[in-house]
Amino acid sequence: MITTDFAAGAPCWIDLGVPDVPAAAAFYGAVLGWDYESMGEGEDMEGGMFRKDGKVVAGLGRLTEEGARPAWMVYYSAPDADAVTEAVERAGGTVRVAPRDLDEWGRMAQYSDPLGGQFAVWQPGTSKGVELVDEPGSLSWTELYTSDAAAAKDFYGGVFGWWFSDMELPGGGGTYTLVTPAGQPAERMHGGVMELPAEALAPAGGRPYWHPVFAVTDCDAAVAAVTGNGGSVQMGPEDAEGVGRLAVCLDPAGADFVVLAPSPD
């Protein structure tokens, strides 16, 4: 589970880059019940924050990087963004955005792993990260789809010290790797790594990609909201034993995410 005490290496923030900010604000409001708080005014607003029940759950901004696809970015908590940057470079990754301060809020940096999967870190200042997790309408898991799970484990284990445990998926579905922050108990697992053939990584042009999993109370109702508001479904809804009912979705701009109604305890 993800919590808001944000151990080192745990997911602490997510933001979405899209070409049309107002359209994305409307879509996620309809699907996840989010309220959008703009950092600007008028039709040309560049971005802002999503809130659920008054608590910040994500950021939203206009996509400005040339050639970049609309996507969610997952940030992992780091006590020292500069040290993570050095670890990324030693492990063969790429620094996309060098560590920089965002006023008093904190320090951020963005990277690509050796196969091209993009991720980021957040060194907290006055802001530690999102304010609501593991509740309906908020981040409950992070997931990496990659063509080489062994390479991903080597890289991210070296950068963050993550602990990994493999489980076989039912029906011969392959191996799923569970991720836990270094030094944390098993109940603090925060994500997974799934190996897929390159042709299955179409949303990122064949490169690995991270996406968020959002908890919902009713997966089928969430999927109906996705398709009813211009999004689409890549997989599901389907039941995953011991996990819940889930679906892999795309928003109208093509950014991927998962909705999950967890199994009762």
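Every residue two or more places apart in sequence or in another chain that forms a salt bridge (charged side-chain N to carboxylate O under 4.0 Å, His left out) with Asp101 is listed here: Arg107. Under the side-chain hydrogen bond (donor to acceptor under 3.5 Å, both in side chains) criterion, Asp220 pairs with Arg245, sequence neighbours left out. For Asp5, the side-chain hydrogen bond (donor to acceptor under 3.5 Å, both in side chains) test picks out Thr3, Arg188, with sequence neighbours left out. Partners of His211 according to the side-chain hydrogen bond (donor to acceptor under 3.5 Å, both in side chains) rule, which considers only residues two or more places apart in sequence or in another chain, are Glu143, Asp256. Judged as a salt bridge (charged side-chain N to carboxylate O under 4.0 Å, His left out), and not counting sequence neighbours, the contacts of Glu37 are Arg51. Legend: residues meeting salt bridge (charged side-chain N to carboxylate O under 4.0 Å, His left out) with Asp53, ordered by chain and number and at least two apart, are absent. In this view, Ser147 satisfies the side-chain hydrogen bond (donor to acceptor under 3.5 Å, both in side chains) rule with no residue, not counting sequence neighbours. Arg207 is linked by a side chain to side chain contact (heavy atoms under 4.5 Å, CB included) to Ala204, counting only residues two or more places apart in sequence or in another chain.
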Distance-only criterion, 3.5 Å: show the donor-acceptor pairs between side-chain atoms of residues 9-20 and protein atoms not counting sequence neighbours.
residue	atom	partner	partner atom	Å
Trp13	NE1	Asp15	OD2	3.4
Asp15	OD2	Tyr75	OH	3.0
Asp20	OD1	Ala23	N	3.0

With a cut-off of 3.5 Å and sequence neighbours excluded, list every side-chain donor-acceptor pair involving residues 114-123.
residue	atom	partner	partner atom	Å
Trp122	NE1	Ser127	O	2.8
Gln123	OE1	Ala81	N	2.9

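Under the side-chain hydrogen bond (donor to acceptor under 3.5 Å, both in side chains) criterion, no residue pair touches residues 224-235, with sequence neighbours excluded. For the salt bridge (Lys or Arg N to Asp or Glu O under 4.0 Å) condition, the pairs that include at least one residue of residues 144-168, sequence neighbours left out, are Lys153-Asp166.
Both Leu32 and Val56 belong to a common hydrophobic cluster when Ile, Leu, Val, Met, Phe, Trp and Tyr are linked at side-chain heavy-atom distances under 4.5 angstrom.
Checking side-chain atoms of Asp103 against main-chain N and O of Trp105 turns up no donor-acceptor pair under 3.5 Å. The main-chain N or O of Ala255 is never found under 3.5 Å from a side-chain atom of Trp72 such that the two would form a donor-acceptor pair.
Here the rule is ring-ring contact (aromatic ring centres under 6.0 Å, His included) with Tyr156, and of Trp163, Tyr76, Trp210 only Trp210 fits it.
In this structure, Phe50 CZ and Ser138 OG are separated by 14.0 Å, a value rounded to the nearest 0.5 Å.
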